[in-house]
Number of protein chains: 2
Amino acid sequence: MSIFSPSQYICFKLSRAMRKVQRYYEVNLAPLEITTVQFYVLSSLWETNGVKFKELAQKLSMDGATLTGILDRLERQGFVTREDDPEDRRSLLVFLADKAKLHRDEFRRLAETLDNEIRDQFSSGEFATLTRVLDQIGKS
Amino acid sequence: MSIFSPSQYICFKLSRAMRKVQRYYEVNLAPLEITTVQFYVLSSLWETNGVKFKELAQKLSMDGATLTGILDRLERQGFVTREDDPEDRRSLLVFLADKAKLHRDEFRRLAETLDNEIRDQFSSGEFATLTRVLDQIGKS
DNA sequence: CCCCTTTTGTTTGTATACGAATATTTTAGT
DNA sequence: ACTAAAATATTCGTATACAAACAAAAGGGG
């Protein structure tokens, strides 16, 4: 590998791997009419429903401007609702709509299947190191 | 961690880590008026100049439609040129312009500095596992 | 109570990222 | 040589991603 190859950079390796995995998710989630990122938002709401917008963005390590657009599309499709925060008129709370509650187990089964297909390519030690390193980078 | 947390999914971990690292790159590359992805394109051309469009897209594991836009911006800024492929009128060749040749070492020094700052957070064993796993996923 | 600062979410502009449709050209089969 | 199929790059539409500017509301100091 030449010293000029982009693949020498860890950022490129991360980006390439992430795009491969995410594209695989997208293709398989498409029949459910949901994107990978939208699935993450629903996952967070399945964990804690009725959460503040800002808190949701922080849990997803996502910029607020990005989350606004994703919630627009999830709301249009009937997966979530925005409601006023009675304690702070600047803030809003995000709730799951019935459609998201109904399909929860179906969505999760598929996502776990996809995740296991990645996991099975590696030893448990490799995978443990991978998750530890990614978590450390991600939480920095 | 609840079984509904998005951070249980390896795809989410990858995405979050990639966004953190890439944002760090973007901030530091901004004074050079170049993005992280544009830097990867130049890196590939520093390795092999005058390469076919399709070949370049494959080296970068990038969709052709994405590369078209990136080359538009690199060409507008005077970093690369597109030229006709004399062997195939459908194809085109991508060349470095003088501006990219001039700043090559400056760009590379900065990118290596950023990369080393990530690398130094981990043991050499952890980093070796990380790169091996990311390469395997990325080349699949 | 008033003003200044901070916080919160949206909007706007730009840059990836990619599927689908398209125009042009090449290749392959007959 | 002719035609159908394949290959190549672009364009279009949609979805992230994020910086910067913005409007509305809350907080804090006087």
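Quick caveat, the model's predicted, so the values are computed rather than measured. Proteins come first, then strands; the chains are lettered A, B, ... in the order of their sequence lines, and each starts at number 1.
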Once salt bridge (charged side-chain N to carboxylate O under 4.0 Å, His left out) is applied, what residue pairs with a partner in residues 96-107 of chain B remain, sequence neighbours excluded?
none
Rounded to whole Å, please give me the gap between CE in B:M62 and P in C:dA15.
15 Å
Atom CG of B:L74 and atom C1' of C:dT14: how far apart are they, to the nearest Å?
14 Å
Can you tell me which residue pairs pass the salt bridge (charged side-chain N to carboxylate O under 4.0 Å, His left out) test with a partner in residues 128-140 of chain B, sequence neighbours excluded?
A:K13-B:D135, A:R16-B:D135, A:E126-B:R132
I need the full list of salt bridge (charged side-chain N to carboxylate O under 4.0 Å, His left out) pairs touching residues 70-79 of chain A, with sequence neighbours left out, sorted by first then second residue.
A:D72-A:R82, A:E75-A:R82
I'd like to check the ring-ring contact (aromatic ring centres under 6.0 Å, His included) partners of B:Y25; sequence neighbours left out, ordered by chain and number.
none
All N/O donor-acceptor pairs, side-chain side in residues 52-60 of chain A, below 3.5 Å, sequence neighbours left out:
{"unit_1": "A:K52", "atom_1": "NZ", "unit_2": "A:D85", "atom_2": "OD2", "d": "2.5"}
{"unit_1": "A:K59", "atom_1": "NZ", "unit_2": "A:T48", "atom_2": "OG1", "d": "3.4"}

Could you check whether any side-chain heavy atom of B:C11 comes within less than 4.5 Å of a side-chain heavy atom of A:Y40, counting everything from C-beta outward?
yes
Find the distance B:R19:CZ to D:dT16:C1' and express it as a whole number of Å.
9 Å
Atom OH of A:Y25 and atom P of C:dG19: how far apart are they, to the nearest Å?
17 Å
Within this structure, what is the CG-to-P distance between A:L56 and C:dT10, rounded to whole angstrom?
11 Å
Whole-Å distance, A:Q22 CD to D:dT16 P, equals 9 Å
Grab the CG-P distance between A:L60 and D:dT16 for me, whole Å please.
12 Å
What is the distance, to the nearest angstrom, from the CZ atom on A:F12 to the C1' atom on C:dA17?
14 Å
Would you mind building the protein contact string for nucleotides 3-15 of chain D? One character per nucleotide, 5' to 3', B for base within reach (heavy atoms under 4.0 Å), S for sugar-phosphate only, - for untouched.
----BSSBB---S
